[in-house]
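In the text below, chain A, chain B and the rest are named by the order of the sequence lines, each starting its count at 1. Reckoned from all heavy atoms, side chains included, excluding hydrogens, waters and symmetry mates.
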There are 2 protein chains.
Amino acid sequence: MEETFGIAELAREFDVTTRTIRFYEDKGLISPARKGQRRIYHPRDRVRLKLIMRGKRLGFSLEEIHEMIDLYDVDPSEVAQLRHFLQKIRERKNALSQQQMDIAAILEELKTLETQCSKLLKEKSPS
Amino acid sequence: MEETFGIAELAREFDVTTRTIRFYEDKGLISPARKGQRRIYHPRDRVRLKLIMRGKRLGFSLEEIHEMIDLYDVDPSEVAQLRHFLQKIRERKNALSQQQMDIAAILEELKTLETQCSKLLKEKSPS
DNA sequence: TCACACCTTTACCTTTACGTAAAGGTAAAG
DNA sequence: CTTTACCTTTACGTAAAGGTAAAGGTGTGA
């Protein structure tokens, strides 16, 4: 028997409002089952939410996230789709590699700043 | 003699519109000199723009970027400011480390997907 | 039965990050 | 003098990502 979740439950888990989750549904990012008029979320919906949150932390738009998520649902029997898919993957990889470099650059600068800064502090207030 | 830049020049270099650059000025992210009514950008303004663009690639809001940029202009004689500064640096470092992990995770998944995908393609159309 | 927690839809509101149009100044080239 | 390129300000428009309020359905425990 598969575990399911309510909307409020997931909202708590991911620290967003229920409005946000419904908004993602509106945008086609998730499509939970219904029981009567209520939304029932299965584990795969939860996984999707997790992917969405990660995408957001990385600064992607919902539309970009939509594209990325759909990659996981491609029909592997369609060659054309597969090619397109592969191209998308490579684009994403490039974008992310660029981000990695950006982050590495900033972290380097921040480290330098941190060192300088705490040295200054030690001089000024030798606790 | 120091090199300076026009707004259109910088717009081209960073691949944004002049509107965007003026908007950043409005928000206090840069403050170029003036010659008459025209904006004159010095190398330090260009550096700021570069930092802004990097921040944007990383998904930070202009307000967050503002904070980060200001870190470079802190008065090193004010101990209180220095402490605050140090804390900000550490917050940033943590956020960025989290991002690094997110990216590494996604890149791993993408690599797997890419491999699977091109294997499938080779089977289906053995060019 | 009442209260209460949880859920639903509809619909208007807000912020961020610019786009775009209007109306015009300035300066060098033809 | 006119064209051309480049710049200015002011101001309204817009897309994205939700917030928030209104009005109500559903189920459960006291």
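In 5' to 3' order, the nucleotides of DNA chain D bounding all contacts with chain B (an atom under 4.0 Å from a heavy atom) are D:dC6 to D:dA11.
Checked against side-chain contact (heavy atoms from CB on, under 4.5 Å), A:Met53 has the following partners two or more places apart in sequence or in another chain: A:Phe14, A:Val16, A:Tyr24, A:Leu49, A:Arg57. Take A:Asp26 and apply the salt bridge (Lys or Arg N to Asp or Glu O under 4.0 Å) test, not counting sequence neighbours, and it matches no residue. Scanning for side-chain contact (heavy atoms from CB on, under 4.5 Å) contacts around B:Thr115 gives an empty result, with sequence neighbours left out. For A:Lys111, the side-chain contact (heavy atoms from CB on, under 4.5 Å) partners are A:Glu108, B:Lys93, not counting sequence neighbours. With sequence neighbours excluded, the residues satisfying side-chain contact (heavy atoms from CB on, under 4.5 Å) with B:Asp45 are B:Pro32, B:Tyr41, B:His42.
Using a 4.0 Å cut-off between charged nitrogen and carboxylate oxygen, A:Asp73 and A:Arg48 count as a salt-bridge pair. Salt-bridge formation is not detected for the pair B:Lys119/B:Glu114: no Lys NZ or Arg NE/NH1/NH2 atom is positioned less than 4.0 Å from an Asp or Glu carboxylate oxygen.
The two residues B:Ala11 and B:Thr17 make their nearest non-hydrogen contact at CB-C, 4.0 Å.
Put simply, CG on B:Leu96 and CG on A:Asp102 are 10.0 Å apart, with the number rounded to the nearest 0.5 Å.
Within the helix from C:dT1-D:dA30 to C:dG30-D:dC1, the inter-axis angle between the opening and closing five-pair segments is 10°, rounded to 10°.
Within the structure, the salt bridge (Lys or Arg N to Asp or Glu O under 4.0 Å) test picks out the following pairs touching residues 9-21 of chain A (sequence neighbours left out): A:Glu13-A:Arg46. The stretch residues 27-38 of chain B participates, sequence neighbours left out, in these salt bridge (Lys or Arg N to Asp or Glu O under 4.0 Å) pairs: B:Glu25-B:Arg34.
Within residues 52-62 of chain B, the residues approached by DNA chain C to less than 4.0 Å at the level of any non-hydrogen atom are B:Lys56, B:Ser61, B:Leu62, in residue-number order. DNA chain D is contacted by A:Phe23, A:Tyr24, A:Arg38 of residues 22-41 of chain A, taking any non-hydrogen atom closer than 4.0 Å. Within a heavy-atom distance below 4.0 Å of DNA chain C, the residues of residues 4-17 of chain B found are B:Thr17.
For the residue pair A:Gln98 / A:Asn94, no side-chain donor-acceptor distance below 3.5 Å is found, with atom types taken as modelled.
The number of heavy atoms from other shown groups lying within 6.0 Å of CD (A:Glu64) is above 12.
Checked against B:Gln87 for a side-chain hydrogen bond (donor to acceptor under 3.5 Å, both in side chains), the options B:Glu91, B:Arg83, B:His84, B:Arg90 give a single hit: B:Glu91.
Taking hydrophobic clusters as Ile, Leu, Val, Met, Phe, Trp and Tyr residues chained together by side-chain heavy-atom distances below 4.5 Å, A:Ile106 does not share a cluster with B:Met101.
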